[in-house]
Structure formats: C-alpha cells, structure tokens
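These notes are about the structure you will find just below.
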Amino acid sequence: MPTPIKGRGASSHLAGRFETQIAEAVHDGWSVDESEEFAEPRLRTDVRPETARSIISRNNSPDVGFSQSVNPYRGCEHGCSYCFARPTHAYLNLSPGLDFETKIFAKTNAAEVLRRELAKPGYVPQPIALGINTDAYQPIERKLGITRQLIEVMQETRHPFSLITKNALVERDIDLLAPLAEQQLVSVHFSVTSLDSHLSAKLEPRASAPHARLRAMRRLSDAGIPVGVMVAPVIPWINDAELEAVLEASRDAGASSAGYVLLRLPYEVAPLFRDWLQAHYPQRAEHVMSTINQLRGGKDYDSQFGKRMRGEGVYAELLANRFKLASKRLGFNASRQQWPWLDCSKFVAPLPPKKPSLQGELF
C-alpha cells in the first residue's frame, strides 16, 4: 500500500518510460521493522539553474485557447498528484514522481531569451499563455522572480498574455498586471480544484489553500484585472460534486469567465495517480478508475483532440450539462464586455540586442 509523504503529492520515485535501468528496494531480512528500512529520507527541494536556448513553445491543438506559451520552470513544487506535465521529467532521466516536485529547473535567462525572440523580424504577436506546463507562481518564484521579469518584458513590448495559477503569490504583481489590464493586455485564471482545504492539501500539497486563491481572485478583480476560474481537473467521485460550489464561490470573488477540464492521465501520471488513490482513498479507488476508464474508451487516457479534455459517454455529458447550466445561471462567459479579448495591435517589438563592437580587436 503506497504511503503518503507529508507535503508531497507522489509517494515514490517512479521510473520514467525511457529508463534503461530501474532500482527496486528489497527487504533483506535484517531489519525488524520494514517501514524503517524503506522510509523515504526527508525530501528537500533542489532548484537548479537552466540556461534556456528558446522560451516560446508553440502548438496547434484545437483543445486549448492559445498557440504560444512560456514556462519559466521545469518541474513544480506544488506537487499536484494529477499533473499532466509530470512525464516531461522523464526526458531529463528523472522520475515523474518525486523528482518532478523536488528537482526544479529555473530558466534564469528566460526574460533575456523572450526579449530576443520577440525582437525577431518575422515575429507575429499572438497571446502568450504564461505558466501552462508548470505553475509560473510556484513557491521558488517568491525568491527568484523569473515570472515577474517575464511580465516586465510583456509590459515593455505591450505583448498580450494570460496567466493560470494555483498560487496566491500572483498578488505580488498587481502593480504590473493592473496597468496591463487597462490596455486589454492580460487576463488571469485561477485553477480551483476544491473548496475543501483537507482535500486540496492531499491533491496539491504545496499550492495555496482554496480560500487564499479566492482572496487573490478578489484582490485582482478589485484592481481591474479580468479573472476567471478553471475547475481543473474534475475527478470522478473525488471532487466532481463541488463543480457548482466552486463556480459560485469564484463568481462571488470576482471571476467573470469559467472553464473545466476532466482528469487527464497520460503516460506515467496514470500509475502515480493510482498510487495516490490507494494512499488516500483506498475504498474508492476501484470505483474512480472504473469511471475514468468508461470516460476514456476503456483506457486510462485517450489523447484524441476533442476528447482528452472532456471525455465521452454518459458521465461526460452530465458533467458538461452541469457546467453549462451553472455557467448560465452565474453569468459566466456572457459577453465580450465581461471578458475582453487580448489586444495584439499594441505590440511594439523590442530593439534587438546590440552586437559587440570589433573595433578594439581590429585596431
């Protein structure tokens, strides 16, 4: 039975799918108490600097509302048990489990690279989604400020962008976000999975508590920054009953747009989430996974466009109808005036970096 680790979402160093060698602990019979022999040492977060060669990622997926994104970090200390980005650590020969949330890579030159890419002659501005793969406001951002540096580049160039976060730290940057909002250059979404602090602490152990996210939502809204809520992910028989309550609480906190995403379990996320269920809800685990399989054509996950975010079948249809009715009742997504489109027409390309002079070397 997987054992929860305090402050962490994963319970093991699950090997990535590219590993050629896998180490497995085996009891040698010498220790009387097996729990002591297999106990995890205290896990500290290791932040490593990374020099990025490029920073803007592009996609053509019809399931997401953006074509460009920027991620200042690899890995995420929030430790969300269900995070769809966990498999990306496998490309670094690290575990999508505990390594993903304890070994964080900070792109320390992100602002410099972004300015360089925006200065390219052929660049055509499209809204940038900031912090999609991993949260741009995870705890280490308080110290490093890489996300704030990126926002300063957006401000300098008047480039439109959106944010999605689980962390109330976004309040720190209201002084930058509010003037940008006046020019229709920014929108902020909060991911709210549950209003239950105990459940939230299990699902996303180092993210801000639900009440802190709602408080931040209110403060940004009061500052004139358009805010929205994403109920993501919706997990059958874990947090699905809270859909309407989360939407209503978010509306009361100033949200004017809403969305939801069904639980996604690509690659290594599926076994990690199964372990999480066994650790926290063993009596419910089989029922949860059975419903997920029904939503995904008999599998843990279906990556087809049009299905991966919403699923299929009776449960998926009921969930979609519940969201539609609640959104209509609460006035979400009612008009462009409530949720202004990000404006690309104000973009001003930054000056390209000056090339070093060779005069001193030639003469």
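The local environment of CG in N60 is sparse, with at most 12 non-hydrogen atoms from other residues, nucleotides or ligands closer than 6.0 Å. Counting heavy atoms of neighbouring residues, nucleotides and ligands inside a 6.0 Å radius, atom CZ of R58 exceeds 12 of them. Counted within 6.0 Å of OH on Y267, heavy atoms from surrounding residues, nucleotides or ligands total 12 or fewer; the atom is thus considered open. R158 CZ: 12 or fewer foreign heavy atoms inside a 6.0 Å radius. The neighbour count for K346 NZ, taken as heavy atoms of other residues, nucleotides or ligands under 6.0 Å away, is above 12.
With hydrophobic clusters built from ILVMFWY side chains whose heavy atoms lie under 4.5 angstrom apart, Y123 shares a cluster with I55. A continuous path of hydrophobic side-chain contacts links F332 to V188 [ILVMFWY only; heavy atoms under 4.5 Å]. Two different hydrophobic clusters hold I132 and V186 under the rule that ILVMFWY side chains link at heavy-atom gaps under 4.5 Å. Residues F84 and V70 fall into different hydrophobic clusters, defined by Ile, Leu, Val, Met, Phe, Trp and Tyr side chains chained together at heavy-atom separations under 4.5 Å. Put simply, L114 and F66 are part of two different groups of oily side chains (I, L, V, M, F, W, Y) that touch within less than 4.5 Å, one to the next.
E317 has no carboxylate O lying under 4.0 Å from a charged side-chain N of R322, or vice versa, which leaves the two without a salt bridge. In this structure, R48 pairs ionically with D46, as a charged nitrogen and a carboxylate oxygen lie closer than 4.0 Å. At a threshold of 4.0 Å, the pair R308-D302 does not count as salt-bridged, since none of the basic side-chain nitrogens sits closer than that to a carboxylate oxygen. Salt bridge status for R329 with E244: absent, with no side-chain N to carboxylate O gap under 4.0 Å. Ion pairing between K166 and D135 fails under the 4.0 Å rule for side-chain N and carboxylate O. Between D222 and R219, no side-chain nitrogen of the basic residue sits less than 4.0 Å from a carboxylate oxygen of the acidic one, so the salt-bridge criterion is not met. Salt bridge present: R274 and D300 bring a charged side-chain N and a carboxylate O closer than 4.0 Å.
I151 is listed as a side-chain neighbour of L180, based on a closest heavy-atom distance under 4.5 Å. Residues S11 and T3 are not in side-chain contact: their nearest non-hydrogen atoms beyond the backbone lie 4.5 Å or more apart. A heavy-atom distance below 4.5 Å is found between the side chains of L14 and P271. Looking only at side-chain heavy atoms (C-beta outward), Y91 and R17 come within less than 4.5 Å of each other. Under the 4.5 Å side-chain criterion, counting only non-hydrogen atoms from C-beta, K103 is not in contact with R74. At least one side-chain heavy atom of C344 sits less than 4.5 Å from a side-chain heavy atom of P127. Between V113 and K107 there is no side-chain heavy-atom pair separated by less than 4.5 Å. Within the 4.5 Å cutoff, the side chain of M154 has heavy atoms near those of the I128 side chain.
Although no hydrogens or angles enter the test, the distance criterion places no donor-acceptor pair under 3.5 Å between the side chain of S221 and the main chain of M217. Checked by atom type and distance alone, the side chain of R218 pairs as donor or acceptor with a backbone atom of D252 at under 3.5 Å. Proximity of a side-chain donor or acceptor of R213 to a complementary backbone N or O of A168 within less than 3.5 Å is not detected. A donor-acceptor contact shorter than 3.5 Å links the side chain of E117 to the backbone of I56. In terms of modelled atom types and a separation under 3.5 Å, the side chain of E268 and the main chain of G97 share no donor-acceptor contact. Remark: the backbone N or O of D343 is not paired with any side-chain donor or acceptor of Q184 at under 3.5 angstrom. Between the side chain of Q294 and the main chain of M289, no donor-acceptor pair closer than 3.5 Å is present. Looking only at distances, no side-chain donor or acceptor of S290 sits under 3.5 Å from a matching main-chain atom of E286. Side chain of E141 to main chain of I146: a donor-acceptor pair is present (N/O by atom type, distance under 3.5 Å, no hydrogens or angles). Counting only distance, with no hydrogens or angles, the side chain of S200 and the backbone of P210 share no donor-acceptor pair below 3.5 Å.
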Exercise for the section: Please assess L195 against L214 for the test side chain to side chain contact (heavy atoms under 4.5 Å, CB included), listing each intermediate value before the final yes or no. Expected result: CA-CA 9 Å; L195 299 179; L214 293 173; 4.0 Å; yes

Exercise for the section: Apply the test side-chain hydrogen bond (donor to acceptor under 3.5 Å, both in side chains) to residues S208 and N167: give CA-CA distance (whole Å), side-chain angles for both, the deciding distance (0.1 Å), then the verdict. Expected result: CA-CA 5 Å; S208 295; N167 204 310; 3.1 Å; yes

Practice task
With side chain to side chain contact (heavy atoms under 4.5 Å, CB included) as the test, would you mind laying out the steps for T51 and N109 before giving the verdict?
Solution key: CA-CA 6 Å; T51 302; N109 66 332; 3.5 Å; yes

Handout entry: Derivation of the side-chain hydrogen bond (donor to acceptor under 3.5 Å, both in side chains) call for E50 and T108
Key = CA-CA 6 Å; E50 176 183 331; T108 52; over 6 Å; no

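No side-chain donor from either of N59 and S61 sits under 3.5 Å from a side-chain acceptor of the other. Side-chain contact, T45 with R8: a donor N or O sits under 3.5 Å from an acceptor N or O. A donor and an acceptor atom, one from each side chain of Q126 and S67, are nowhere located under 3.5 Å apart.
For K299 against N293, the heavy-atom pair with the smallest separation is O-ND2, 3.0 Å. Nearest heavy-atom pair, L342 versus S187, reported as atom, atom and distance to 0.1 Å: CD2-N, 4.0 Å. When all heavy atoms of R206 and G7 are compared, the closest pair comes out as NE-O, 3.0 Å. The shortest non-hydrogen separation linking L150 to P72 is CD1-CB, 3.9 Å. P96 and R86 make their closest contact through O-NH1, 2.9 Å (heavy atoms, listed as atom of the first residue, atom of the second, distance). Contact record, R296 with K307: NH1-O, 2.8 Å, taken as the closest heavy-atom pair.
For the pair R310 and Y260, the cation sits on the ring face: its NZ or CZ lies under 6.0 Å from the ring centre, inside 45° of the axis. Annotation: cation-pi pair R148/Y137 absent, no NZ/CZ under 6.0 Å from the ring centroid and within 45° of its normal.
Between F105 and Y73, the gap from one ring centroid to the other reaches at least 6.0 Å.
Atom CG of D240 and atom CG of L263 lie 11.0 Å apart (nearest 0.5 Å). We find the NE2-CD distance between H159 and Q155 to be 14.5 Å, quoted to the nearest 0.5 Å.
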Let me have the donor-acceptor pairs involving side chains of residues 225-238, under 3.5 Å, with sequence neighbours excluded, atom names and distances please.
{"residue": "W237", "atom": "NE1", "partner": "H287", "partner atom": "NE2", "Å": "3.4"}
{"residue": "W237", "atom": "NE1", "partner": "T291", "partner atom": "OG1", "Å": "2.7"}

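With sequence neighbours left out, the side-chain contact (heavy atoms from CB on, under 4.5 Å) criterion links D196 to S194, H198, L199, E242.
Ring geometry for H280 versus W276: interplanar angle of 30 to 60°, hence tilted. Under the 30°/60° scheme for interplanar angles, the aromatic rings of F100 and H89 are found to stand perpendicular.
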